[in-house]
Amino acid sequence: MLEQPVHARIDPDGRQVIDIVIDGGYHPGAIVARAGLSLRLVFTRDDDDDCSERVVFSDPRLDRRIAPTGRTSIDLPARPPGEVRFTCGMGRYRGRIELVDEGTRSRATRLRDRLGRLATPLGTALLLWISTLPLVVLVGLIASDVTITIVAAVSVLVAWVAGCLCAVGRSAGPT
């Protein structure tokens, strides 16, 4: 499944900031930030693997040591839209930063974001639908009609999907 990208926050100084935990990889490993603003990455090591000692960035080309304890801040200068990849010194841990213009994001990113938001409600709807199938089949057996059973099963699936999507939309609020 695609990892849902995490958006950098803006601190009181107007700088973008993102916290990254290193524990068997980078968490989050997919970041979205605004192009044209500097970005501060604050790394915290939660493992002592050799891979967590360094982080290497593709553009700008940077290679920085990460403190074994506490937090290590790395400031990236303002960059144009595009992607910055980062890895550990060995290349095992990987992450990416997508730098986007405000309001203009790639189609792939918009699709990835939409699919990420739909994964949980659709999975929930499918689980609920599967759990209600015995009741739908029972109604079909009572009616002794295969067509009614199929129509009922599809109707229940549509109702669960619509209900889950509506519930997620209300809880998320405007974006």
Side-chain angles (χ1 to χ4, degrees), residues 1-128 130 161 164-165 167-169 171-175:
M1 178 165 291
L2 296 173
E3 179 181 359
Q4 181 70 20
V6 174
H7 291 264
R9 68 182 184 280
I10 305 292
D11 71 6
D13 298 327
R15 180 180 32 230
Q16 297 181 100
V17 179
I18 189 79
D19 295 311
I20 301 172
V21 175
I22 307 172
D23 187 9
Y26 298 116
H27 307 284
I31 299 162
V32 175
R34 282 196 247 169
L37 294 176
S38 64
L39 175 63
R40 174 168 283 175
L41 298 119
V42 182
F43 290 90
T44 303
R45 281 177 66 182
D46 279 354
D47 72 22
D48 58 358
D49 191 308
D50 291 340
C51 273
S52 62
E53 292 178 352
R54 291 180 28 232
V55 63
V56 179
F57 294 89
S58 64
D59 182 28
R61 293 204 178 272
L62 296 173
D63 185 338
R64 297 288 189 264
R65 289 217 170 276
I66 304 295
T69 60
R71 299 165 65 123
T72 302
S73 295
I74 298 173
D75 292 320
L76 298 181
R79 309 290 306 157
E83 187 171 80
V84 175
R85 295 201 175 264
F86 58 99
T87 67
C88 66
M90 297 178 184
R92 288 184 7 209
Y93 299 171
R94 298 169 190 242
R96 65 180 172 79
I97 305 165
E98 184 174 0
L99 299 168
V100 297
D101 277 337
E102 194 64 20
T104 58
R105 298 188 309 163
S106 71
R107 284 184 182 179
T109 299
R110 289 193 307 265
L111 180 60
R112 188 172 37 244
D113 288 349
R114 286 182 185 152
L115 288 175
R117 285 193 302 268
L118 290 177
T120 300
L122 291 179
T124 302
L126 187 60
L127 182 65
L128 292 168
I130 289 170
V161 169
C164 289
L165 289 174
V168 166
S171 67
T175 57

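Note: hydrogens, waters and symmetry copies are ignored here, and every other heavy atom, side chains too, is used.
- Evaluated for a side-chain contact (heavy atoms from CB on, under 4.5 Å) with L62, the options V56, L76, V84 yield exactly one hit, L76.
- The neighbour count for D11 CG, taken as heavy atoms of other residues, nucleotides or ligands under 6.0 Å away, is above 12.
- Counting heavy atoms from C-beta outward, Q4 and P28 have side chains that stay 4.5 Å or more apart.
- Judged purely by atom type and a 3.5 angstrom limit, R45 uses its side chain to pair as donor or acceptor with the backbone of I66.
- Taking OG of S38 as the reference point, atom CZ of R15 lies at 6.0 Å (rounded to 0.5 Å).
- The two residues R96 and E83 make their nearest non-hydrogen contact at CD-OE2, 3.4 Å.
- The shortest non-hydrogen separation linking L39 to V17 is CD1-N, 4.2 Å.
- The pair R71-D19 meets the salt-bridge criterion, since a charged nitrogen lies less than 4.0 angstrom from a carboxylate oxygen.
- Nearest heavy-atom pair across L128 and C164 is CD1-SG, 4.0 Å.
- The closest side-chain heavy-atom distance from C88 to Y26 is below 4.5 Å.
- In the model, Y93 has no side-chain atom that pairs as donor or acceptor with a side-chain atom of D23 under 3.5 Å.
- Taking the six-membered ring for Trp and thresholds of 30 and 60 degrees, F57 and F86 have ring planes inclined between 30 and 60 degrees apart.
- Inter-residue side-chain proximity for H27 and I20 is flagged as unmet; no heavy-atom pair is nearer than 4.5 Å.
- Using a 4.5 Å heavy-atom cutoff, the side chains of R54 and D63 are in contact.
- The two atoms that bring A35 and P80 nearest to each other are CB-C, 3.8 Å, heavy atoms only.
- Remark: the T87 side chain and the R94 side chain contain no N/O donor-acceptor pair separated by less than 3.5 Å.
- Salt bridge status for R92 with D49: present, with a side-chain N to carboxylate O gap under 4.0 Å.
- Of all heavy-atom pairs between I97 and A33, the closest is CG2-CB, 4.3 Å.
- In this structure, T44 and T72 have side chains that are not in contact, with every pair of non-hydrogen atoms separated by 4.5 Å or more.
- Atoms CG and CG, on D75 and L41 in that order, are 8.5 Å from each other to the nearest 0.5 Å.
- Here the closest non-hydrogen pair linking D50 and M90 is CB-CE, 3.4 Å.
- The closest side-chain heavy-atom distance from D101 to P81 is below 4.5 Å.
- Annotation: the span from Q16 atom CD to L37 atom CG amounts to 4.5 Å, rounded to 0.5 Å.
- Rounding to the nearest 0.5 Å places CZ of R34 at 14.5 Å from CD of E98.
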